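The model shown is predicted, which means the values in this text are computed figures rather than measured ones. Just so you know, these numbers use all the heavy atoms, side chains as well, and skip hydrogens, waters and symmetry mates. When a residue number appears, it is its place in the shown sequence, counting from 1.
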Amino acid sequence: MRNLSKQTGSVIIIVLWTAVLLTVLVTAMAGKVRLSAQTAAHNRDASQDWAQLMASVNFAEMELMLERMPAPIDQQLEESEEGEILNPLHRYDGEALELNYGLPENMVVRIYDHAGKINLNRIPRRNMQLLIEKLLGGDAAEPEEVQDLLAAWTDWTDLNDLEGLNGAEKDYYLELDQAYVPRNNPELDTVEEILHVRGFAQLLEGINLDAAFTIYGNTRTVNLNVATREAMRLLPGLDDELIETIIAFRELEDISNRAEIAEIVPFENLQELTQWVGTNTSNIYSIFVYPKAAFSGTVLTSQPSDSLELDGDEVEPQDSVRQAYMEIVEVSSGNALPRIYKVDPYGMLPDTAKARIEEYGIELKSL
């Protein structure tokens, strides 16, 4: 009887271990099947999103081509509240657009005219000095530091290897841990190239370079109707409050001339700003396309919402997307495909927020 009890106990233990092993195997297999199903579903969704994204890019390019075509006779032009006709080219200031060809419901398109950026290949030496001074603190900037950076920039963009006073030429760059040679040409190949100039990586640290600068086109000035916040923050004469005031103004009507700039910018600031700004648009654009993000609602309600309601007023939530598929294109006419200069699947978006009028106490009626 004792031996029989031992045998029975051994069998029970074996059965239990077998059951445990089978449970583990079944669980593992079920987990793999579930993971495979999820992977397949994600791949399907990614393929669908990619197809919709590329379709949206094509629609955006077609929108820009349409601007180069003669307008239909019966086309209704958009007007401001004052009855002034708005320039359709000023739509390309980074606002989320509704396109003539339509868009997939879950896609967002933003287009930035490069006339709203500082052109590094066309910036005069004097303006580069003013830009450096502002980045170093304006009146508090050390003159020697400003001149050293300016000399390094001049040596990088001149046509020779002769080192200027306190500048940096071939010998300096070849002695670096990762050696390279200077451009020795005023035409930079990329915006990021400026970081290779001695001292400029520290000077421009934390700045979204593609949002602030361009190397394309021939525009020497910045059009405030389409300017990015990143570019305006570098312009002498502008502070954050004035920048938000300009954005609030252009959301209502166009800034057509310097007299209208003077209505927004105080005279002292305008004296610094005037040589930087113009009214030209360009034919170079950055196109950003991405799926809509699901907004998480307000911290007050913690409820998801496509729009926020504060004090009875409906307010558009700020877009939380910071990276998106990006193309830089040149559109020369309405019957030729755009020329693509750059593609970046993870492009950094400029600051896309609406005018921060409440934060700075800006009164729209007074504009």
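When hydrophobic clusters are built by joining Ile, Leu, Val, Met, Phe, Trp and Tyr residues whose side-chain heavy atoms come closer than 4.5 Å, directly or via intermediates, M107 is not grouped with Y346. A continuous path of hydrophobic side-chain contacts links L203 to V191 [ILVMFWY only; heavy atoms under 4.5 Å].
Annotation for L242 and P266: closest pair CD2-CD, 3.7 Å, computed over non-hydrogen atoms. Closest non-hydrogen pair, K117 versus A231, comes out as CA-CB, 4.1 Å. Across all their heavy atoms, K354 and E244 have their closest contact at O-OE1, 4.2 Å.
Applying the ring-ring contact (aromatic ring centres under 6.0 Å, His included) test to Y360 and every residue at least two apart in sequence or in another chain returns nothing.
Taking a 6.0 Å sphere around CG of L25, one finds it holds more than 12 heavy atoms contributed by other residues, nucleotides or ligands. Enclosure of atom CE in M29 is not indicated, since only 12 or fewer non-hydrogen atoms of other residues, nucleotides or ligands lie within 6.0 angstrom. Around atom NZ of K134, more than 12 heavy atoms belonging to other residues, nucleotides or ligands sit under 6.0 Å away.
Salt bridge status for E192 with K342: present, with a side-chain N to carboxylate O gap under 4.0 Å.
Interatomic distance, E327 CD to I287 CD1, rounded to the nearest 0.5 Å: 6.0 Å.
Residues I247 and M232 meet the side-chain proximity criterion, which asks for heavy atoms closer than 4.5 Å. E251 has its side chain out of reach of I357: every pair of non-hydrogen atoms, C-beta onward, lies at least 4.5 Å apart.
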- Message: Applying ring-ring contact (aromatic ring centres under 6.0 Å, His included) to W156 and Y173, what does each step give before you reach the verdict?
- Response: CA-CA 10 Å; W156 186 273; Y173 296 108; 5.2 Å; yes
- Report the C-alpha distance between E230 and M348 in whole Å, list the side-chain angles of each, state the deciding distance to 0.1 Å, and finish with yes or no for side chain to side chain contact (heavy atoms under 4.5 Å, CB included). CA-CA 12 Å; E230 289 81 355; M348 291 298 298; over 6 Å; no
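Side chains of Y92 and E67: a donor-acceptor N/O pair is present below 3.5 angstrom, by distance only.
Residue R229 is tested with D93, D351, D239 for a salt bridge (Lys or Arg N to Asp or Glu O under 4.0 Å); the sole match is D351.
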